[in-house]
Amino acid sequence: MEPSLYPQARQANILVRSPLKLNHIEARIIALALGCIHSKSLELPQIRIPMKRIIPKAKSGPVYEQIDAACKTLMGKVVSIARTSSRGKMNIKNYGIISFMEIDEGTGYVTGNFAPEIKPFLLELASEYTTVEIETILTLKSAHAHRLYWVLTSWDDVGSWEVEIEKLREQMIGTEDTSYAIFYDFKRYVLEPAIKELQDIGWMIGWEPLKAGRKVSRIRFTIPRHVIAGNGQEPASIDITPQSRQKQKPSDQLPLGISAEMPTLHQRVIARLQKLQVSDSQIRTVLEHLGDDEAHFTKLLKSTHQLLVSHETKSKVFDNIGGTTVNHLKTEFAGLFAKL
DNA sequence: AGCCATGTACTACCGGTGCA
DNA sequence: TGCACCGGTAGTACATGGCT
């Protein structure tokens, strides 16, 4: 059977929070590889990723060589997971992530296997795990933003996170890398650009430096909760799949076809409208009107972004945010005026 | 098509300044 | 005095365009 790419990727929090340095391409490969795993799967599946999903726009550069180099590096990547026993003794286990990778320029696919030892951190995750939307993470342009996205998502159920500078630096750029030893450089070249990227996609992360004397020793993040549709958490799932997709086989995760970015965009639109307190019947009407037009989904997400930010940060008080949203949609999508 | 020169963007570091 | 902050700069990678 043809392996699928699912819209969400999961891994255990302990793995997410382990120090790991990845470049941008490696981070994309890992996210897409995790997307090959179904949430209910009992065995690690084969990794099978279209090369065009790793580097979507064929730049003039050598795509094949870039992916090849990233695959080779990934096979050598080790995550160190440190645990302290009840007797206070430290135990460090080093795990490889990927055991095999193959790039076939003919089929245009990268295939491979996860290292078997990593299985407990990727499968049968009952608790203490992090789920991200692959489409969202693939929009991030820098490797630092990828890492921060994973790490902060692992804390978003708590709402805030305080971390020592050195620990954060290790989580974002690894333990062996000695660069960005100066806090201000770490801040201006790593932290601030990464946070800005997350804010640009609508996740309004806040952060403040905490000083010990004059030195910034820790950082406190305030982390608005993600809404990931279909993972059993809010928002409640409602069946408002456009008719053209209703024949799709139901499952916990909708398989993402190679070209099918729609299900996730579709889910994001539902989540967005639910956040803005639009009623289910109105959401159905909107979705029926939008049909399968990806440009319309994107337009809706972009045009309601500021509304959501104002609402969530309470920078503007809305008597009826749902009504405001509906009125906004009527002006953005002329055809909705008579329907809503 | 392949090579080369040039421009641009990014990374990483250094040294000076001002503040507590 | 030690720190954050800031501007400058060297090194590197990549993109672009002209030439053969």
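Not measured: the values here are computed from a predicted model. Every chain is numbered from 1, with letters handed out A, B, ... down the list of sequences.
- With 3.5 Å as the limit, one finds no donor-acceptor pair spanning the side chains of A/S154 and A/N13.
- The shortest distance between the side-chain N/O atoms of A/Y184 and the OP1/OP2 oxygens of C/dC6 is below 4.0 Å.
- Looking at which nucleotide of DNA chain C each of A/R188 and A/F183 is closest to, the 5′-most match is held by A/F183.
- Spacing between atom CG of A/D185 and atom C1' of C/dC5 amounts to 10 Å, rounded to whole angstrom units.
- Below 30°, between 30° and 60°, or above 60°: for A/H38 and A/Y6 the angle between ring planes is above 60°, a perpendicular geometry.
- Between A/E197 atom CD and B/dC10 atom P there is a gap of 11 Å when expressed in whole angstrom units.
- When each of A/Y189 and A/V216 is assigned the nucleotide of DNA chain C bearing its nearest heavy atom, the one mapping closer to the 5' terminus is A/V216.
- When only modelled atom types and interatomic distance are considered, A/N94 and A/S80 share a side-chain donor-acceptor pair under 3.5 Å.
- Taking only side-chain nitrogens and oxygens, A/K187 comes nearer than 4.0 Å to OP1 or OP2 of C/dC5.
- Remark: A/E43 engages A/K119 in a salt bridge, criterion side-chain N to carboxylate O under 4.0 Å.
- The distance from atom CZ of A/F186 to atom P of C/dC3 is 18 Å, rounded to the nearest whole Å.
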